[in-house]
2 protein chains.
Amino acid sequence: MVAKRVTVEHHALTITAVDGPGMMYRLTKVLAYHEADIIHVDLSIEASMVRVYFEVQLAKDRVVPVLTGLAGTPGVRDAREIPSVGRIYGKRIIVMGGGAQVGQVAMGAISEADRHNIRGERISVDTIPLVGEKALATAVRAVMRLPRVQLLVLAGALMGGEIAVAVEEVRANGLRVISLNMAGSVPDAADLVVSDPVQAGVLAVMAVSDTAQFDLLRQTRKRY
Amino acid sequence: MVAKRVTVEHHALTITAVDGPGMMYRLTKVLAYHEADIIHVDLSIEASMVRVYFEVQLAKDRVVPVLTGLAGTPGVRDAREIPSVGRIYGKRIIVMGGGAQVGQVAMGAISEADRHNIRGERISVDTIPLVGEKALATAVRAVMRLPRVQLLVLAGALMGGEIAVAVEEVRANGLRVISLNMAGSVPDAADLVVSDPVQAGVLAVMAVSDTAQFDLLRQTRKRY
């Protein structure tokens, strides 16, 4: 449905407006009018105001009329262009499971991400310590709804059943999954199995990095 | 602008639709018609399809007509209710700065979050190893645009200048900030200064937890 355009530009816009039903509708109406393709959106509500953050693909020279249209929308207090969150926080790796192992994987991943980010990449490492088959399976499935996530690391001593089913589902949707070597069926469902949690974190960052010489797809189903 | 209602319910909805300009406008039009108050939104794009995730406040018994309206919107393939991301990942703590210190703060925070999450809370610990005054100041300001963030920990050996200005700005917007004890003016700008990075991580989680007996506001400007 995207019409062919000579030049499409990426813009990040932030709008501060009075909160309430219909505000998002009025803002996206302006974007639709200018054929802006929304590729990311976030909102935060404080007191009676809402701050909406859009990343859009927009035909060249369209950003000024879009900002004028947004600023002129009833209830809007401010509309401006800003640097994109994607450019600031970059790719995300999510580590979930038992606290002890999640901490060790995070250590490895953060150290490795630091080395890449110093050279200009942007890789974030996000974690949630969480136990229980149902809670973890739900969290694994919900990863698909989080923005900018490239890879999931499952860190624990025992994971299986519904969690393994959820891993197969997210892998079918294109997410890559590294599992620690552990009891249960999750390691069998993952792309890669690693015994040392610090190394698992390092490999996770290497797998999503633009510069590292590591291709997870060539490692599929291997165990270290 | 929110009309008084007898019962307002919280719902999480996910919609799969053909991607392209105007889709968000058509979806939010349905929500506006039913006076749904959008409190969270995320979208992810895969190939030519977009998956949109809304959390809405909705008058009792309105969720079925909303889902029917969304499912009947041109281009929509699927619309359904699911468990909310907020309920799954909960509150977020963001740790940013140098890799070595970020890793140690994350270790403390993840261990402490594990203890709280086992008892039913949901606290996530997100990190980005990042250096440089400008990059860090931009990332600090952008925290305000990330959903569900409750507290920021700045972990490094030297931070000042524009980063300290950014810390004052986000604190003025209600975000709480813990700084490691370090060179530069950032410790002076923070709510709380902690020397040991592991302890800083533990205190960060205690500060956002519903159950811990620790009130950051009573510690303001203290140093440990």
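To find a chain, count down the sequence lines: A is the first, B the second, and so on, and within it residues start at 1.
- Interface residue A:Arg92: only side-chain heavy atoms are found under 4.5 Å from chain B.
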For a side-chain contact (heavy atoms from CB on, under 4.5 Å) check, start with the C-alpha distance between A:Asp42 and B:Asp42, then their side-chain angles and the critical distance, and finish with the verdict.
CA-CA 6 Å; A:Asp42 264 330; B:Asp42 264 328; 3.4 Å; yes

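- Of the listed residues A:Val95, A:Val149, A:Ile82, A:Val50, the one with more heavy-atom pairs under 4.5 angstrom with chain B than any other is A:Ile82.
- Counting heavy-atom pairs closer than 4.5 Å to chain A, the top residue among B:Ile128, B:Val56, B:Asn117 is B:Ile128.
- Using a 4.5 Å cut-off between heavy atoms, A:Gln104 contacts chain B through both its backbone and its side chain.
- Contacts of B:Val102 with chain A are made by both backbone and side-chain atoms, with heavy-atom separations under 4.5 Å.
- Counting heavy-atom pairs under 4.5 Å between each of A:Gly174, A:Gly22, A:Ala142 and chain B puts A:Ala142 at the top.
- Both the backbone and the side chain of A:Tyr89 come within less than 4.5 Å of a heavy atom in chain B.
- Contact annotation for A:Met144: both backbone and side-chain heavy atoms come within less than 4.5 Å of a heavy atom of chain B.
- Looking at B:Ala106, the atoms closer than 4.5 Å to chain A (heavy atoms on both sides) all sit in the side chain, from C-beta outward.
- A 4.5 Å side-chain heavy-atom check between A:Lys29 and B:Thr28 finds every atom pair outside the cut-off.
- Between the side chain of A:Asp114 and the backbone N or O of B:Pro129, no donor-acceptor pair lies under 3.5 Å.
- For A:Leu31, no part sits under 4.5 Å from any heavy atom of chain B, backbone or side chain.
- Ranked by heavy-atom pairs under 4.5 Å with chain A, the list B:Thr14, B:Ile110, B:Asn173 is led by B:Ile110.
- Proximity to chain B is absent for every atom of A:Ala109, based on heavy atoms less than 4.5 angstrom apart.
- Only the side chain of A:Val131 comes within contact range of chain B, with heavy atoms under 4.5 Å apart.
- A donor-acceptor pair under 3.5 Å links the side-chain atoms of A:Thr127 to the main chain of B:Val125, judged by distance alone.
- The most heavy-atom pairs under 4.5 Å with chain A, out of B:Arg115, B:Arg122, B:Arg51, B:Glu112, come from B:Arg122.
- Ranked by heavy-atom pairs shorter than 4.5 Å toward chain B, the options A:Leu146, A:Ile118, A:Leu27 are led by A:Leu146.
- Neither the backbone nor the side chain of A:Val105 has a heavy atom closer than 4.5 Å to any heavy atom of chain B.
- Proximity to chain A is absent for every atom of B:Val205, based on heavy atoms less than 4.5 angstrom apart.
- Looking at B:Arg141 and A:Ile88, their side chains never come closer than 4.5 Å, going by heavy atoms from C-beta outward.
- Annotation for A:His40 and B:Leu43: closest pair N-CD1, 3.9 Å, computed over non-hydrogen atoms.
- Applying the side-chain contact (heavy atoms from CB on, under 4.5 Å) criterion to A:Ala32, with sequence neighbours excluded, gives B:Tyr25.
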